[in-house]
Asker: 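Take a look at this one; I'll ask things after.
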There are 2 protein chains.
Amino acid sequence: MKPSTSIQDYLKRIYELTENGSPASTNDLARELNIKPASVTGMIQKLANEKPALLEYQKHQGVTLTSAGKKAALEVIRHHRLLETWLVQTLGYSWDEVHEEAERLEHVISEDFERRIAAALGHPLRDPHGELIPTADLKMPLDDSTPLSALRKNQTGKILCIKGADADLLRHLDELGLTPNAMIEVTDYSPFDHNLTIKVEKKTHVLGLSVTSKIFIEQK
Amino acid sequence: MKPSTSIQDYLKRIYELTENGSPASTNDLARELNIKPASVTGMIQKLANEKPALLEYQKHQGVTLTSAGKKAALEVIRHHRLLETWLVQTLGYSWDEVHEEAERLEHVISEDFERRIAAALGHPLRDPHGELIPTADLKMPLDDSTPLSALRKNQTGKILCIKGADADLLRHLDELGLTPNAMIEVTDYSPFDHNLTIKVEKKTHVLGLSVTSKIFIEQK
DNA sequence: AAAATAATTTAGGCAAGGCTAAATTTTACA
DNA sequence: TGTAAAATTTAGCCTTGCCTAAATTATTTT
Ligand SMILES: [Mn+2]
Ligand SMILES: [Mn+2]
Ligand SMILES: [Mn+2]
Ligand SMILES: [Mn+2]
């Protein structure tokens, strides 16, 4: 059976929160889902006890996805990212507007719809923010990007992805020309505050860590 | 507040069932919604008692939409028909495939999405089946069509709409060339069984009442 | 005009997925 | 190392929207 919309959202958030390798905590999940921690506990207990369990769970230790859970999560993420790409390309959404729309559509489109937009888009590898799109057989491609925050003076690269930015930051980055595919060069680094001075399209900007850690680069 | 998906489906069905002027019965509604009559009674009582009531209801007498209910119904119907049009035009769905997809999407698209597809399609008047699309200000345009079943020998017209046909019939009509915009001519009428003989694209077909009553014509 | 049948409503229940308040565990830190 | 704070879980409750079985009302048939 296809998981409910609620469950799909849980799985997607857990996928994201566990990408760093460590389990997702009840509180983090509650924050990301805008649901009270007590309710999250109830749901993760349920998901961990399903016939093919979707989660690995030990009290007070957080959760990780089983392979069944990961597959279900990648299904939703593929829908989300294909939808974002498609909304931008065919309906003129800007990249800071698409998220919410995709957040609702992702749960209701058919597999046929998924195939049609994937084909219409030429089976894209990344969504408008540069995030990798899981393949049709639900594998997440390897991510070979480096956070901009790891670059130093005179290093250059192409922006691959903006991760975890809210709509305000996305609009700001758009104004600065810091969008996927932009070529950038680091011209200075301040070890005290981790500020990076970068050049993009002939213009120079100084970016703090809270920004540079959200921009991902393909190094030259 | 936006009505729930369930409520939207109730309102849409009630709109359709009351187009003939008479109230929708509990049983008819239950059949259309695939929900047990007892559950329908519960829901219509609830909807009739909301602050601005969505339904007019008297025990054992069926329901009609209030103006608030009609507005909410037209909102869903507009979504549905725009979506069908758009899925056919941009993703290559055939007209017999789109219904189910639109049935789910109609509840989750934003008003912004609605405006974007309406604009992208050039504010169409009819969906792929020829059904009238409610306007952006939620009025249903006047329907000036006549059922094919009302035509007689030597009368001609253009097909405007196929109403209430299931996917199988839609595919069949498609094969016969009986799609919106096709020009047809009635060459014979049998008063005994109400069969009509019609000519479309040089071919002749004999259609029973259960078919001719679902095809609507703009008379010449 | 009964009696039978059909339609509708009532009553009681259930599952999903939330919430609050209270209890418990873990972690932090003085 | 003991305690305070933070995180998590438990317990009990609520709403939505569905169900079945039984009761009631309306409609047909005889
Ligand atoms: Mn979502
Ligand atoms: Mn899919
Ligand atoms: Mn629907
Ligand atoms: Mn709308």
Side-chain angles (χ1 to χ4, degrees), chain A residues 1-14 17-18 20 22-65 69 72-73 76 103-104 106-108, chain B residues 1-14 17-18 20 22-65 69 72-73 76 103-104 106-108:
Chain A
M1 255 297 293
K2 183 183 169 187
S4 69
T5 293
S6 278
I7 292 174
Q8 289 181 34
D9 279 337
Y10 273 88
L11 296 174
K12 188 170 60 160
R13 298 308 175 199
I14 294 168
L17 288 168
T18 56
N20 61 9
S22 56
S25 75
T26 301
N27 262 0
D28 289 353
L29 215 35
R31 181 176 26 74
E32 293 296 318
L33 290 166
N34 291 308
I35 286 172
K36 294 286 176 285
S39 305
V40 170
T41 298
M43 180 63 96
I44 67 187
Q45 285 172 343
K46 178 178 127 183
L47 297 182
N49 291 327
E50 301 225 322
K51 312 226 203 177
L54 296 169
L55 303 181
E56 189 63 47
Y57 166 62
Q58 298 195 122
K59 267 190 196 179
H60 297 96
Q61 307 301 311
V63 291
T64 55
L65 294 171
V76 187
E103 196 67 30
R104 284 173 281 110
E106 64 190 3
H107 308 293
V108 306
Chain B
M1 254 299 291
K2 184 183 169 187
S4 70
T5 292
S6 277
I7 292 174
Q8 288 180 37
D9 279 336
Y10 273 87
L11 296 175
K12 189 170 59 157
R13 297 308 173 199
I14 293 168
L17 287 170
T18 56
N20 61 10
S22 56
S25 75
T26 301
N27 263 0
D28 287 354
L29 215 34
R31 180 175 28 74
E32 293 298 315
L33 291 165
N34 291 307
I35 286 172
K36 294 288 175 284
S39 305
V40 170
T41 298
M43 180 62 96
I44 66 186
Q45 285 172 343
K46 179 179 128 184
L47 297 181
N49 291 326
E50 302 224 322
K51 312 230 205 172
L54 296 169
L55 302 182
E56 189 63 47
Y57 167 60
Q58 298 194 121
K59 267 191 196 178
H60 297 96
Q61 307 302 309
V63 292
T64 55
L65 294 170
V76 187
E103 197 67 28
R104 283 172 283 109
E106 64 189 4
H107 308 293
V108 305

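What you are looking at is a predicted structure, and each value in this text was computed from that prediction instead of being measured. In what follows, every heavy atom counts, from backbone to side chain, and hydrogens, waters and symmetry copies are set aside. Letters A, B, ... are given to chains in the order of the sequence lines, protein chains preceding strands, and every chain is numbered from 1.
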Asker: Whole-Å distance between C:dA16 P and A:Gln45 CD?
Answerer: 15 Å
Asker: Name the nucleic acid region contacted by A:Ser39, choosing base, sugar-phosphate or nothing; use a 4.0 angstrom heavy-atom cut-off, strictly under.
Answerer: base
Asker: Side chain of A:Glu56, backbone of A:Thr64: donor and acceptor closer than 3.5 Å?
Answerer: no
Asker: I want to check one thing: is the phosphate of C:dG18, taken as OP1 and OP2, less than 4.0 Å away from some side-chain N or O of A:Tyr10?
Answerer: yes
Asker: Does OP1 or OP2 of C:dT8 have a side-chain N or O of B:Tyr57 closer than 4.0 Å?
Answerer: no
Asker: Heavy atoms from C-beta onward define the side chain here; which of C:dG18, C:dA16, C:dT9 lies closest to that of A:Lys46?
Answerer: C:dA16
Asker: Respond yes when some side-chain nitrogen or oxygen of A:Lys59 is under 4.0 Å from OP1 or OP2 of D:dT10, and no when none is.
Answerer: yes
Asker: Map B:Thr26 and A:Lys36 onto DNA chain C by nearest heavy atom, then report which one ends up closer to the 5' terminus.
Answerer: B:Thr26
Asker: For residues A:Asn20 and A:Ser22, is any side-chain donor paired with an opposing acceptor at under 3.5 Å?
Answerer: yes
Asker: Can you tell me which nucleotide in C:dG17, C:dT10, D:dC19 comes closest to the side chain of B:Ile35?
Answerer: D:dC19
Asker: Check whether any side-chain nitrogen or oxygen of B:Thr41 sits under 4.0 Å from OP1 or OP2 of C:dT10, and answer yes or no.
Answerer: no
Asker: Of the listed nucleotides (D:dT8, C:dT9, C:dG18), which one gets closest to any side-chain atom of A:Asn27?
Answerer: D:dT8
Asker: Return the NZ to CG distance between A:Lys12 and A:Leu65, rounded to the nearest 0.5 Å.
Answerer: 13.0 Å
Asker: So, is A:Ser25 close to the D:dA7 phosphate, meaning a side-chain N or O under 4.0 Å from OP1 or OP2?
Answerer: no
Asker: If you assign A:His60 and A:Ala38 each to the DNA chain C nucleotide with the nearest heavy atom, which residue ends up on the more 5' nucleotide?
Answerer: A:Ala38
